[in-house]
Amino acid sequence: MCGIIGYIGPKNAIPILLNGLNRLEYRGYDSVGVSLINQDELSYLKTKGRVAALEEQLKEKRLQGNLGIGHSRWATHGQPNEINAHPQFDCQKELALVHNGIIENYTSLKKWLKQHGHRFCSDTDTEVLPHLIREYYQGDLLLAVQQALHLVEGAYGIALVFSKEPDKLIVARYGSPLVIGVVARGEYIVASDPTAIIDYTKQVIYLDDGEIAVLTRQGMKIVTLDNVRIDKKIQVVKWNLEEIAKSGFPHFMLKEIFEQPKTITNSLRGRLLVKEKDISLGGLGDWLDRIAKVKRVVIAACGTSWHAGLVGEYLFENIANLPTEVEYGSEFRYKQISIDPSVAYFVISQSGETADTLQSLRKIKQGKGNVFGIVNTVGSTIARETTAGVYLHAGPEIGVASTKSFTSQVTVLALLTLALARRRKTIPLKELESRMIALQKIPQQVASILKQHKKIKALAKKYCRYNNFLYLGRGYNFPVALEGALKLKEISYIHAEGYPAAEMKHGPISLIDRQMPVVVLATDTEDVIYQKVINNIEEIKARQGRIIAIATEGNKQITKLVDEVFYIPKTNGYLTPLLNVIPLQLLSYYIAVQRGCDVDKPRNLAKSVTVE
Ligand code: M6R
């Protein structure tokens, strides 16, 4: 969601803050601001719009200082405008604070602070924090922060500076991520995301909930709200800058789509042991044997990760004979159900910071359940709080629309399915082996699909002016239909719906006409379901619908039934989601470009949804 950056050290803070804000802009981007301390004076600049607008204004108003904080905002409380942009201040504008999260009891705190003479300028929940800290300040900033945060309900990652203690950067976290980059003793960069730090250092410390760090030019100390000292380990971020730059692609999304042969390979590396006919998932360790004995699996996730979870449901049930339910994180967290010890719970998340998924995880843990993570971002909150888990190893995903994380999630779920099927003896070893060999071929098959990207580009040109799309798939590919529709709507603002193909006749069929292109996933010709999909295609054709089919190479027959065909290589049916999703990602990308949309920064969306 919002991005936080802060710097203390010997250098000019402004270029470091701006660089960090540029790296963080993908998290949220309706307004930005910075605040600096120079000697014992606080200065600031805020603006509606993007970091570029702030940079422009900084040419006029030159801010000085080697201690400062910055913020890129994604509005929750209050319009995106200059006043609501962060930093927020106390009445005297001596204390500046940036915040990621939501202060849930801000209304009552605001009322109480007003009674104590505080005057508020913004509509934000955040503004209560600098006022509250100032209210408690009696010569010790850390103590005031601790006392104030004791009264706060909700989630926060905060960074603050105060002109009365001009050698101090204080950060705190509860529910929203915060990382401290250690450049040298006395030089630190803090951020809500390591991508904003790794230009300067790869040595980081992840703050945990309830921790506060005081960073000065003499060193750092980390304490709890009750002032108990904590020793934290420095960790090393493995991502490099090249990985988070666009590498010559016009957009991160396209770069990430094209990375998939490599990222799927990375998700498989060292895990798919074809010769041994086994799967190694080190992160799960001995838990794998215990998971294989459970009666049921429950998966909680949001958005694209939820779609991957749905593919997981088909995989676990069809191949490992393991009943599975997939829950939206936002729904699961509020369900009045008890946590069942005979269930293996999984959470899936690219960022590892999605608030609803994180709260589902915590609900399961509170109920004494074991919860396993399928996460991309190493060291993220979800990754750290799960019982055990499997990393995707897909590298940083910057484009707001998830692409490579989806294919890596499905890859990990396929690996897990085979590992469970082997232990539960639900398929013969011969079948296990052929499924493994098919999985091994996926990266090169994805590469061969990507080579045909120009065909999809041409299709996009032809279809980009339609305002409604339908996506249909069955079995393993019903979730892919949902994912194709989500990709199209989030980046090109076209209304699109995904359906299980046979559900069409229970309602959506009434929408079909020449103005509604229908994308049909018609692969896996050997599956009994294939003929049913063909019947569904006939039904659309009979109503003059325009059909774009994704079909298996060699299927000439289908050309008689549909308007357009895009062919994908043949694979084992359970892996078709990994191939079918690629043309759908490309189609949404090229349509969005044709329509002039801002692909990497679609309106109203943030990469990581760390609020409810
Ligand atoms: O980081 P997560 O995987 O937990 O994020 C979940 C969703 O917010 C995310 O998949 C979102 O739906 C994407 N914008 C989809 O492209």
Side-chain angles (χ1 to χ4, degrees), residues 1 26-29 74 175-177 192-193 195 251-254 256-257 260 263 267 299-312 326-333 346-362 371 373-386 389-392 394-410 412-413 471 479-480 482-494 496 498 581 584-589 592 597-612:
M1 241 55 268
Y26 73 94
R27 294 173 69 99
Y29 35 78
W74 185 85
S176 297
S192 43
D193 185 323
T195 47
H251 297 99
F252 281 112
M253 182 182 177
L254 192 62
E256 287 157 7
I257 291 173
Q260 288 175 107
T263 50
S267 301
I299 300 173
C302 302
T304 288
S305 299
W306 185 79
H307 295 156
L310 280 184
V311 177
V326 187
E327 299 267 6
Y328 284 114
S330 53
E331 293 298 316
F332 182 78
R333 62 183 287 189
F346 280 85
V347 285
I348 306 179
S349 176
Q350 186 288 125
S351 60
E353 302 292 351
T354 301
D356 289 322
T357 310
L358 178 60
Q359 291 310 325
S360 300
L361 182 167
R362 289 180 176 163
V371 52
I374 297 176
V375 174
N376 191 33
T377 308
V378 177
S380 58
T381 312
I382 293 179
R384 285 181 290 133
E385 292 194 16
T386 40
V390 188
Y391 277 121
L392 301 183
E397 190 178 70
I398 308 290
V400 167
S402 292
T403 51
K404 62 176 180 173
S405 63
F406 176 79
T407 45
S408 281
Q409 287 164 344
V410 173
V412 166
L413 286 161
Y471 286 72
V480 180
L482 295 177
E483 176 60 8
L486 176 67
K487 286 291 88 91
L488 190 68
K489 55 191 149 191
E490 67 181 332
I491 59 165
S492 58
Y493 320 137
I494 293 174
V581 78
L584 304 194
Q585 293 170 345
L586 286 169
L587 186 66
S588 62
Y589 171 80
C597 299
D598 190 345
V599 173
D600 283 332
K601 293 173 184 164
R603 69 184 181 207
N604 305 337
L605 287 175
K607 178 64 182 161
S608 179
V609 185
T610 53
V611 292
E612 272 197 70

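All ligand and atom numbering here is 1-based and tracks the order in the structure.
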> Between the main-chain N or O of Ser305 and the side-chain N or O of Gln350, is there a donor-acceptor pair closer than 3.5 Å?
no

> Considering distance alone, does some N or O of Thr357 sit under 3.5 Å from an N or O of ligand 1?
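For ligand 1, there is no N or O atom that lies under 3.5 Å from one belonging to Thr357.
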
> Checking Glu397 side chain against Lys404 main chain: does a donor-acceptor pair fall under 3.5 Å?
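Yes.
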
> Identify the closest protein heavy atom to atom 8 (O) of ligand 1: which residue and atom is it, and at what distance?
Val609 CG2, 4.0 Å

> Answer with yes or no whether Lys487 contacts ligand 1, where contact means a heavy atom under 4.0 Å from a ligand atom.
yes

> Could you find the nearest protein heavy atom to atom 7 (C) of ligand 1 and give me its residue, atom name and distance?
Cys302 O, 3.7 Å

> Taking the side chain as C-beta and beyond, is there a heavy-atom pair between Lys487 and Thr304 under 4.5 Å?
yes

> List in chain and number order the residues that pass salt bridge (Lys or Arg N to Asp or Glu O under 4.0 Å) with Glu256, two or more places apart in sequence or in another chain; answer none if no residue qualifies.
none

> Distance to 0.1 Å, residue and atom name: give those for the protein heavy atom nearest to atom 2 (P) of ligand 1.
Thr354 OG1, 3.2 Å

> Run the numbers on Glu353 and Thr381 for side-chain hydrogen bond (donor to acceptor under 3.5 Å, both in side chains), then give the verdict.
CA-CA 6 Å; Glu353 302 292 351; Thr381 312; 2.6 Å; yes

> Nearest protein heavy atom to atom 11 (C) of ligand 1, by residue and atom, and its distance?
Thr304 N, 4.2 Å

> Out of all atoms in ligand 1, which are within 4.0 Å of some heavy atom of Gln350? Include the element for each.
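Listed by number with element: 1 (O), 2 (P), 3 (O), 4 (O).
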
> Identify the closest protein heavy atom to atom 12 (O) of ligand 1: which residue and atom is it, and at what distance?
Gly303 CA, 3.3 Å

> Using a 4.5 Å cut-off on heavy atoms from C-beta on, say whether the side chain of Phe346 contacts that of Ile374.
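Yes; the side chains approach each other to less than 4.5 Å.
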
> For Ala401, counting its heavy atoms only, list the atoms of ligand 1 lying under 4.0 Å from any of them.
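Those qualifying, in numeric order: 16 (O).
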
> Checking the side chain of Lys489 only, and the main-chain atoms of Ala496 only, is there a donor and an acceptor separated by less than 3.5 Å?
yes

> What residue and atom, counting heavy atoms only, is the protein's closest point to atom 16 (O) of ligand 1, and at what distance?
Glu490 OE2, 2.4 Å

> I need the atoms of ligand 1 closer than 4.0 Å to a non-hydrogen atom of Ser305, numbered in the order shown.
2 (P), 3 (O), 10 (O)

> Starting from the C-alpha separation in whole Å, work towards a yes-or-no answer on side-chain contact (heavy atoms from CB on, under 4.5 Å) for Val581 and Thr407.
CA-CA 8 Å; Val581 78; Thr407 45; 3.7 Å; yes

> Which of the atoms in ligand 1, numbered in the order shown and given with their element, are less than 4.0 Å from a heavy-atom of Val400?
13 (C), 14 (N), 16 (O)

> By side chain to side chain donor-acceptor pair (under 3.5 Å), which residues pair with Thr357, not counting sequence neighbours?
none

> Need the ligand 1 atom indices (1-based, order shown) with element for anything under 4.0 Å from a heavy-atom of Ser351.
1 (O), 2 (P), 4 (O)

